[in-house]
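The structure appears right after this line, and notes come after that.
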Protein chains: 2
Amino acid sequence: MTTEHQGEIAAPSLEPLQARATLADVARLAGVSAKTVSRVMSGDDKVAAHTRERVMGAAKRLRFRPNTLARNLRHGGVTNTVAFVIGDITNPFYFNVAAGIERELATRGMTMLLATTDDAPGSEAVVVDTLLAQRVRALIIVPIASDQSYLEGERQLGTPVVCVDRPAHHLVADSVVLQNRLGAAEAVRSLIAAGHRRIGFVCSPAGLYTHQERLMGYRSALLEAGITDYERYERLEPVPGPTAEESVRDLLAMDEPPTAIIAGNNRASTAAYRELYGRAQQVAFIGFDDFELADALGVSVIAYDTIELGREAARMALSRLEDPNGPPRQVEIPTYLIKRGSGEIPPRS
Amino acid sequence: MTTEHQGEIAAPSLEPLQARATLADVARLAGVSAKTVSRVMSGDDKVAAHTRERVMGAAKRLRFRPNTLARNLRHGGVTNTVAFVIGDITNPFYFNVAAGIERELATRGMTMLLATTDDAPGSEAVVVDTLLAQRVRALIIVPIASDQSYLEGERQLGTPVVCVDRPAHHLVADSVVLQNRLGAAEAVRSLIAAGHRRIGFVCSPAGLYTHQERLMGYRSALLEAGITDYERYERLEPVPGPTAEESVRDLLAMDEPPTAIIAGNNRASTAAYRELYGRAQQVAFIGFDDFELADALGVSVIAYDTIELGREAARMALSRLEDPNGPPRQVEIPTYLIKRGSGEIPPRS
DNA sequence: CTGTTAGCGCGTTCAA
DNA sequence: TTGAACGCGCTAACAG
């Protein structure tokens, strides 16, 4: 690919062409002590104007760049990096959360380290371990493993742990979640108000905390209205894949098919839309999670501010740094129903 | 929010409840020297089995976690973190690239630091500076400033710089870009083959390298077919916003409106779709960038593997670490036309 | 205003 | 197989 000189023997090119300048190098060139250079670099100290200029000049000539690693080490080994651990990086939901975190951190001069566990519960602890070894300032995590008790020690050591989207298991930690029950219940109530009595719930993959919560919200709203035979309209597929489409087909093929369908997550939302789109049979539909073009397509959804979810998580992590021993907090990000048409289709008479 | 004891006076809670254990602490508890603990932690040295066990036990008791900062500092101040600098983190395109980078890095035990410039050309150098101070191993960047010459020094110092999506200005660097011209040309040829002669090009915001390249591809394919009066069908809006919709409306209101439209970027794709969707007038349409539901909606697009774009960028950065002085490389990620219907609509007779 | 000493946590060198 | 001394680059504490 590159040259033929690559190999295991000699690798002179591994060395940079030019050594990186250190504080001492700058000091030598400027004819001052290292500490003076340090002062100039930190900015906030009193240094004679002409000394400062000499130092700045020398630094520029040598392309000096302060070594944050060494600085942090000297300061007790803490960085200003916050780690965000997610399962599947290709899920746009996580991406937006990451955007929120990054933005909030940026306002405080901190950066975000993004790591993924590839949705493998077993790798969570390994990934987190690597991050902690890098002395991240705080940890924001979408829990995937069934047990986060391994983090208890870190919390005590002063590293804030904030869980996003779902609470931790066997660990006392701050968390930011959605108003899952309320959101689902609001959607169901809206459908009931439009006259629906047979309402389906589709979710795939299902099994997570969020899905359970939404299912609870769905059920409670139905019970409120005196509807009790909802179980036959629930389709929660544990495995990922095109099963949400199948679930919808399955529901609509029933003797008494539902006249409205609610999706329990973003994947199921688009999957259900795929299946319902272009069907002659008019079925009301409300998705969970807003998505691109949903407005143009007239798809009603339960929406929420994903960016804000991330920002709030970052804020919690940072405030926890200032108050490590306060009681754990759980913030709920509001959900709201956006009516665009698909959720307002009346039941077939 | 938390307690009333917060304030500027006393902040005893700022200190962790328990000091972090160091190599020396473990050594003391295990009754060995620090170096022995170091050996056990590094794994690959010869230590007596019983000594190893004692050390491991002590480390676990003290919740010892090796300090990567110190380790890296000792090793010459290099981390195994690669920084990825983007403009707007909410653009799904960048997100997928980030996913690719993260995945590729993960296979080599490296992590990704994500930073954003908020599309402000002036902040690029500042952000990059912070990252370099953290001694990132390599830099992957979507250039936004009009000049990247400030990075020349770093390159010489051995920090690989890889540009993504567009090449750097005034800097010799590796880059990974899309087959923009070919992709656009293929789309136009396909439309011409279907009988179209009046083909519009919409792009908003426009002005970037990618847009120019795609415009060139569009023009060249038209010229190939002997069509020369394309300029009146070009709508490149420099500012972001809902101008793509306006451009489409504008085009269709012409005396001789185009019978087909091509979008120059992902924002314009969805915008154009919004405008064309539900119109009685049948207009052929091909978007640049695939998007969620495009398949279900029958939207033809010029697609490419965004994840692969990111992976390739990461691979380039890492290979450049091994061969700092090789000639700069530019890799093109292939684009391909996906025919789903919207691009195959024949011209109105 | 500036310099000196010491040490953050770890790994390398060399000796035992 | 194990340990002692030194240094990575930087800054806090104390001089001067």
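Chain A is the first sequence line, chain B the second, and so forth, proteins listed ahead of strands; every chain is numbered from 1.
A donor-acceptor contact under 3.5 Å links the side chain of B/Arg39 to the base of D/dG3.
Relative to the side chain of A/Pro66, the nucleotides C/dG11, C/dT2, D/dC10 differ in distance, and D/dC10 lies closest. Comparing C/dC10, C/dC1, C/dT12 against the side chain of B/Lys35 picks out C/dT12 as the nearest. You'll find that the side chain of A/His75 is closest to D/dA12, out of C/dG3, C/dC10, D/dA12. Taking only side-chain atoms of A/Ser38, from C-beta outward, the nucleotide of D/dG3, D/dT11, C/dG11 with the closest atom is D/dT11. Distances were taken from every side-chain heavy atom of A/Arg74 (C-beta onward) to each of D/dT1, C/dC8, C/dC10; the shortest belongs to C/dC8. The side chain of A/Val47 sits closest to C/dT2 out of D/dG3, C/dT2, D/dG9. The B/Ala70 side chain lies nearest to C/dG9 when the options are D/dT11, C/dG9, D/dC10. The nucleotide whose nearest atom lies closest to any side-chain atom of B/Leu73 is, among D/dG9, C/dG3, D/dT11, D/dG9.
One end of the helix from C/dC1-D/dG16 to C/dA16-D/dT1 points its axis 30° away from the other end's axis, with each axis taken from 5 pairs and the angle rounded to 10°.
Applying the side-chain hydrogen bond (donor to acceptor under 3.5 Å, both in side chains) rule to B/Glu53 yields no partners; only residues at least two apart in sequence or on another chain are considered.
For the pair A/Thr81 (side chain) and A/Val136 (backbone), a donor-acceptor distance under 3.5 Å is absent. Side chain of B/Ser123 to backbone of B/Thr117: a donor-acceptor contact under 3.5 angstrom is found. Between the side chain of A/Arg137 and the backbone N or O of A/Thr159, no donor-acceptor pair lies under 3.5 Å.
A straight line from CG of A/Leu69 to P of C/dC10 spans 14 Å, rounded to a whole angstrom. Distance, A/Arg28 CZ to D/dG9 P: 11 Å, rounded to whole Å. Counting to the nearest Å, the P atom of C/dT4 and the CG atom of A/Leu23 are 14 Å from each other. In this structure, the CZ atom of B/Arg54 is 12 Å from the C1' atom of D/dT2, given to the nearest Å. Here the P atom of nucleotide D/dG7 and the CG atom of A/Asn67 are 19 Å apart, to the nearest Å. Rounded to a whole Å, the CG atom of B/Asp25 is 13 Å from the C1' atom of C/dC8. B/Arg71 has its CZ atom 18 Å from the P atom of C/dC8, to the nearest Å. Counting to the nearest Å, the P atom of C/dC10 and the CE atom of B/Met41 are 9 Å from each other.
Judged purely by distance below 3.5 Å, without hydrogens or angles, the side chains of B/Arg103 and A/Thr116 never pair a donor atom with an acceptor atom.
Of the side-chain N and O atoms in A/Thr36, none sit less than 4.0 angstrom from OP1 or OP2 of C/dT2. Between D/dG9 and A/Thr22, no contact under 4.0 Å exists linking OP1 or OP2 to a side-chain N or O.
With respect to A/Arg315 and A/Glu308, a salt bridge is recorded, a charged nitrogen being found less than 4.0 Å from a carboxylate O. Using a cutoff of 4.0 Å between basic side-chain nitrogens and carboxylate oxygens, A/Arg65 and B/Glu154 are scored as salt-bridged.
When side chains are defined from C-beta on, A/Pro160 does not count as touching A/Arg155, because their heavy atoms never get closer than 4.5 Å.
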